[in-house]
Amino acid sequence: MGDTGGVHIIDIDGELKKLWDEQKHEKKIKACLFTLILYTKEVVRGDYLREINRSIIQEFPCRIISIMELGKDKKNILTTEVLQHTSLEGGTLIASDHISITASRDYLDRISFIVLPEIVPDLPVYSIWGAEVTKHLPLLGELEKASTKVIFDAESSPSLSAYSEALYARIGHVPCQIVDIHWALLAGWRECLFQAFSREEGLRFLESVNSLKITFNDVEAKTLPARDTLSWYLLAWLAARMRWNLASSDIKKREVGYRSKAGSVAVRIIPEKNSKFHSSSILSIELSNAAGDSYIFRRHPDLDKVVIHVTRKNTCELPFIFPFPDFARGSNFMRELFFQAESDHYKKTLERLKELT
Amino acid sequence: MILHDMETASSPLADSARHSRSADPCVVVIFGATGDLTSRKLLPALYNLSIMGLLPQHFACVGFARRPKGHDIFRKDMKEAVDQFSRTKPIGNDTWNPFSEKIFYHQSEFDQEDGYDRLREFLLEMDKKFGTKGNRLYYLSTQPSFFPDIIERLSRHGLLYDQNQIKDKWSRVIIEKPFGHDYNSASSLQREITKHLAEEQIYRIDHYLGKETVQNLLNFRFSNPIFESIWNNNHIDHIQITVAEDIGIGTRGRLWEEAGMLRDIVQNHMMQLLTLVAMEPPANLKADAIRDEKVKVMQAARPFPLQDLDSSIQRGQYGPGFIKGQPVKGYREEENVSPTSSVETYVSAELFIDNWRWTGVPFYLRAGKRLPKRSTEIAITFKAAPSFLFQKSQGKIESNVLVIRIQPDEGISLKMNCKVPGLNSPIQPVKMDFHYGSYFGAKPPEAYERLLCDAMSGDNTLFARIDEVMASWKLFDPILKYWQSTPAEAFPNYPSGTWGPVESEILLAKRGRRWRII
């Protein structure tokens, strides 16, 4: 993205038409399933979100409008550029438009006026908000009005608790649906746990749990400042579904205590380093109860599997393998973001997240 | 536009299966020839007709205006205008020169008696030189206040013919909209001009009717039974008609202060679009058959409730804002606009047509300046499918929407629902999209080309009939009176670059609907 000074707003539609006319291919179509608006602020997290952007366009042809807000030290900059992503499918060239807007903070109020006319009518509009949610933000308000869904990113906000509170307040009070990147990333684990505990025996065990350990991959990654976020999400979700009530929390030590039907649940979130998996991914979940029963879920080195060990006081079952599709990337992730309906599970998870200070 | 039967075979070579009625030899006289319309639309249109071979062979054009200039200067000015505004470029000398030899300039004030005497003599010379047979087409590209006077003087100086008496030549007058300022002035104007002209000689222009896409409306509706069979209140939830412009009023401050959006766009262009969407199939494709059906729509339009007008129609005025990121001033800061003006630059309305086809279907109209983009379209939203078949997890089932894009990017699109490939995948809306430009290559003719050609041919299908005009004024007159007497204290009430005032959103929201994002 350019950050040369000054205001340079091109004739976006005209330039896109030129690019299209320049595509010399016998069979070409412009495909578009939706408009994707990406707003990023920080360089670090921005890279991750732009990477998501790139993977989206590979799966689904769409019109992308990416907006980058420059740092505080930059002033008087507002520029637009266009390009076209192309791919070949069965001899047909498929093109998708990409509009980039770069702005310094003093020009943020103009961005919605550039974005609004470029939304493709009649198709869904998805906005990825890669910035904090805790302040009054006119641009976010405009995007919420124009979007089918706004996708939020916990790591773009400084405080997970404040972030959850802000999102919780939005659900049902904004015109669009709310989606959360980490909620989408957690889909694999939620599905896995649901399958593992779907029968009565499993549910009884879950109700009796008094200890929970979640291990996450603490390998450093430039785009992930806080690597335990997903683990907190998992904890909040479990706590909400099992109706555990918060008794104590020490976020720095990553230790939390809950009261449950069966008594109490001691939770620890533990860092580990494993180069085979993405940074911040959950590596294992261990649940145990007072009777000595335990369920241990561990990511298998073959990345798309989870191995589940079930141990009871008097028996030790053979481990079984659960398919674990990678929700961190690709079409699964996209489907979670774009095609899943708003869930009450998510709202309750946010409620639990915000109480964790 | 439409194939006509040849009533008399003027040539043994004429094939009615191939040839539509051709334009008669004539002189076109443009009053107000040094104005904007002539440069931007009329002369480019005549030029393009000439290169398409659609101008009559025996033809001349005379510009009538008060500024002193000669034929050569006028031709030079017109060449520059055509060069700038023609849809076909570049303008070669081989095409321009033969055309320009038929362009002349006549200098006179509109109220100058001897100016009309000289015009008569000049036109007789044109007849001798170009064989135009005494046929006259007068285009009044002037302020509406001049119309009665010009027509009266034309008549008095023998430049208009009583067609009951004279059959071997014709005279017609094209009048630009608006026709009148309100119901009473329209009625008064009609009385004045019909002292000298029969209705068949009056061509009230609404250039929207000349647009290719507007004409395609009738073709689309009545040549595709798949759509006509669902074009009613059993299947349609609501219709949105949008005329959006991103430009402001520019240098037209003085004119706009007298007019406003309701007069400039809604009362004429928008009603034309609405009647074409809502009309019944005509008995045939003759002008009056079509216009009869359009009038019936206007007659069935439910009057706005006077006791609660705000619930059905809102006005807005743009304030400062941004258009595509560039700052623009508000209406009240524009040149020749009062800083306390209550003139509207935005109108939105909910209208019902009380007939068998449309009972209960709201027509939502919005027209505005300084909106985020330029777009004119008709969007037909169909009733949603019952959703009990599909699980909640498959997402909301969106309504089908048929969109007819009038301008820009002329075309038609249909929004449908499709299943996303995969197991347990949800339903996602997709669009089937037809673009005129992509399918048919060259740009379609401009509206004024068609309209001028039709006027020269004597085809008034695409011109507004007086009963259409009066029915439209009758509908909107009470609104105009109310707004005139009630200053808009909340103005300006929408920033430039947004889609209008909040009240406009409430108009639809109260019935669980939303304006389309265009």
Side-chain angles (χ1 to χ4, degrees), chain A residues 7-14 17 20-21 28-35 59-62 78-80 99 101 103 107-125 138 142 145-149 175 177 325 331-332 334-336 338-344, chain B residues 242 244 246 321-328 370-375 377 379 381 391-396 398-403 405 408-409 413-416 418-433 435 437-438 495-499 505 509 514-518:
Chain A
V7 177
H8 303 287
I9 301 170
I10 60 173
D11 170 16
I12 291 172
D13 293 331
K17 187 174 184 310
W20 174 244
D21 290 341
K28 59 178 184 178
I29 59 166
K30 244 205 210 181
C32 184
L33 280 175
F34 49 79
T35 304
E59 294 289 331
F60 303 111
C62 58
L78 178 61
T79 62
T80 55
I99 301 162
I101 305 167
Y107 281 128
L108 282 185
D109 58 343
R110 296 201 196 181
I111 288 178
S112 60
F113 296 98
I114 302 174
V115 169
L116 262 184
E118 302 306 330
I119 290 174
V120 178
D122 296 313
L123 295 175
V125 181
E142 292 300 321
K145 274 196 264 181
S147 303
T148 315
K149 291 187 178 187
Q177 292 177 52
S331 59
N332 292 323
M334 304 313 146
R335 283 162 202 271
E336 279 299 315
F338 301 140
F339 301 136
Q340 284 300 323
E342 248 179 19
S343 154
D344 190 54
Chain B
T242 299
D246 55 359
F322 299 95
I323 295 294
K324 297 193 169 125
Q326 303 286 15
V328 295
R370 286 290 191 216
L371 300 182
K373 66 199 282 191
R374 175 176 174 252
S375 181
E377 63 159 50
T381 300
Q391 297 164 28
K392 195 178 163 192
S393 59
Q394 287 179 285
K396 189 182 155 211
E398 304 246 350
S399 294
N400 301 130
V401 182
L402 179 72
V403 180
R405 293 188 300 274
D409 188 22
S413 72
L414 177 64
K415 173 178 155 186
M416 328 179 284
C418 261
K419 182 182 164 301
V420 176
L423 299 175
N424 301 320
S425 285
I427 290 170
Q428 147 96 17
V430 294
K431 268 206 300 193
M432 281 170 52
D433 210 344
H435 297 259
S438 307
S496 293
T498 61
W499 280 107
E505 291 174 32
R514 287 183 73 176
W515 286 111
R516 282 172 77 276
I517 292 175
I518 294 177

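Heavy atoms only: backbone and side chains are in, while hydrogens, waters and symmetry mates are out. Here is the naming used below: chain letters follow the sequence lines, and residue numbers restart at 1 for every chain.
A salt bridge links D246(B) and K324(B); the closest N-O separation between the charged side-chain nitrogens and carboxylate oxygens is under 4.0 Å. Salt-bridge annotation for E377(B) and R516(B): present, with a side-chain N of the basic residue lying under 4.0 Å from a carboxylate O of the acidic one.
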Subject >> Derivation of the side chain to side chain contact (heavy atoms under 4.5 Å, CB included) call for T79(A) and I9(A) >> reply: CA-CA 5 Å; T79(A) 62; I9(A) 301 170; over 6 Å; no

**OP:** List the steps and the verdict of side chain to side chain contact (heavy atoms under 4.5 Å, CB included) for F338(A) and L33(A).
**Re:** CA-CA 11 Å; F338(A) 301 140; L33(A) 280 175; over 6 Å; no

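For a residue to count as touching a neighbouring chain, one of its non-hydrogen atoms must lie under 4.5 Å from one of that chain's; by this rule Q326(B) touches chain A with backbone and side chain alike. If you measure heavy-atom distances from V401(B) to chain A, the contacts under 4.5 Å come from the side chain alone. In this structure, chain A has a heavy atom under 4.5 Å from the side chain of R514(B), while its backbone stays farther away. For K431(B), the parts lying under 4.5 angstrom from a heavy atom of chain A are both the backbone and the side chain. Only the backbone of S496(B) comes within contact range of chain A, with heavy atoms under 4.5 Å apart. Neither the backbone nor the side chain of P408(B) has a heavy atom closer than 4.5 Å to any heavy atom of chain A.
Taking chain B as the reference chain and counting heavy-atom pairs below 4.5 Å, the highest number among L123(A), T80(A), D13(A) is found for L123(A).
Annotation: K28(A), atom NZ; neighbour count of heavy atoms from other residues, nucleotides and ligands within 6.0 Å is above 12.
Between F60(A) and F339(A), the ring center distance clears the sub-6.0 Å criterion.
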